Novice: 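The structure's right below; bear with me while I get my questions together.
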Amino acid sequence: KNEVEQSPQNLTAQEGEFITINCSYSVGISALHWLQQHPGGGIVSLFMLSSGKKKHGRLIATINIQEKHSSLHITASHPRDSAVYICAVFVGGADGLTFGKGTHLIIQP
Amino acid sequence: DAGVIQSPRHEVTEMGQEVTLRCKPISGHDYLFWYRQTMMRGLELLIYFNNNVPIDDSGMPEDRFSAKMPNASFSTLKIQPSEPRDSAVYFCASSLGGQGNIQYFGAGTRLSVL
């Protein structure tokens with residue numbers, strides 16, 4: 001079973017700071033997802049990665065398949081980025097997603 | 001499209017009662033997933049369907065849980081009898097092409113079993 005570890009568990013930063021959230025997993029994967037869960041509880045998929053790097057607005061996601069590691073970066077952070085960010089991995093075949101416990105991010109104005 | 005629609009949004013019931021959660025996936029999506037989220041365990045996959053057929057139900061906690069997908073536009077997750085430890089938020093999600101593709105989540109059903 002794939003173990004998915006996220007760090008940090010909690011992060012509080014000031015508006016404008018560069019944010020990095022990390023995700024490590026133990027078994028080779030086919031794809032990795034980054035999800036955002038707002039304080040109201042809704043979950044939105046941010047990225048799906050199988051290699052390299054993706055960028056969407058101020059969000060950047062990278063993955064290193066050899067090191068079994070992914071990072072989610074937020075540039076010029078804003079209070080509206082405050083949310084829980086969840087990493088999930090897909091090994092392949094009929095297996096479902098395995099989720100990390102999430103990183104609770106608070107951006108203070 | 002309206003996205004993935006779940007009902008009810010909140011459910012409060014007493015131990016021993018039957019609970020039915022409902023989900024309407026995005027039209028055209030061929031995969032449907034049921035997840036449970038608790039503070040202790042985070043998000044967990046319960047079961048998923050491909051073209052209305054259950055593929056992996058290894059995450060279903062025990063025989064008290066059952067899920068059906070009678071057609072491409074509707075799925076149910078049933079708990080009978082419910083227990084306090086079933087209290088959680090239950091999410092339904094759908095995708096086109098499986099776990100390697102983007103999943104779209106419903107707003108969730110917050111279940112409280114007293």
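Since the structure is predicted, the reported quantities are computational estimates derived from the model, not experimental observations. Below, read A as the first sequence line, B as the second, and so on, with proteins coming before strands; counting in each chain starts at 1.
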Novice: Answer with side chain, backbone, both or neither: which region of B:Arg110 has an atom nearer than 4.5 Å to a non-hydrogen atom of chain A?
Specialist: neither
Novice: So does B:Arg36 get a backbone contact from the side chain of B:Glu44, meaning a donor-acceptor N/O pair under 3.5 Å?
Specialist: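 It does not hold such a pair.
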Novice: First locate atom CG of A:Leu49, then atom OG1 of A:Thr62, and finally report the distance between them rounded to the nearest 0.5 Å.
Specialist: 7.5 Å
Novice: Can the ring centroids of B:Phe33 and B:Tyr48 be said to lie less than 6.0 angstrom from one another?
Specialist: yes
Novice: Sort A:Leu35 into side chain, backbone, both or neither according to what part of it lies under 4.5 angstrom from a heavy atom of chain B.
Specialist: side chain
Novice: Is chain A contacted by the side chain of B:Tyr104, its backbone, both, or neither, given a heavy-atom distance below 4.5 Å?
Specialist: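 Contact with chain A involves no heavy atom of B:Tyr104 at all.
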Novice: Let me know if B:Met40 has heavy atoms under 4.5 Å from chain A in its side chain, its backbone, both or neither.
Specialist: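 The backbone, not the side chain.
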Novice: Which region of A:Ile86, side chain (C-beta onward) or backbone (N, CA, C, O), has a non-hydrogen atom less than 4.5 Å from a non-hydrogen atom of chain B, or is it both or neither?
Specialist: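 A:Ile86 touches chain B through side-chain heavy atoms alone.
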Novice: Could you look at B:Ile55 and say if it's the side chain, the backbone, both or neither that has a heavy atom under 4.5 Å from chain A?
Specialist: side chain
Novice: Chain A: which of B:Leu45, B:Leu43, B:Asp56 shares the most heavy-atom pairs with it under 4.5 Å?
Specialist: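 Among B:Leu45, B:Leu43, B:Asp56, the one with the most close pairs to chain A is B:Leu43.
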Novice: Between the side chains of B:Tyr35 and B:Gln103, does any donor sit under 3.5 Å from an acceptor?
Specialist: yes
Novice: Can you list the steps and then say if B:Leu111 with B:Ile79 is a side chain to side chain contact (heavy atoms under 4.5 Å, CB included)?
Specialist: CA-CA 11 Å; B:Leu111 174 64; B:Ile79 308 172; 3.8 Å; yes
Novice: Determine whether a donor-acceptor pair (N or O, by modelled atom type, separation under 3.5 Å) exists between the side chain of A:Ser77 and the backbone of A:Ile74.
Specialist: no
Novice: For each of A:Leu32, A:Ile43, A:Ile29, A:Leu97, tally heavy-atom pairs with chain B at distances under 4.5 Å, and name the one with the top tally.
Specialist: A:Ile43
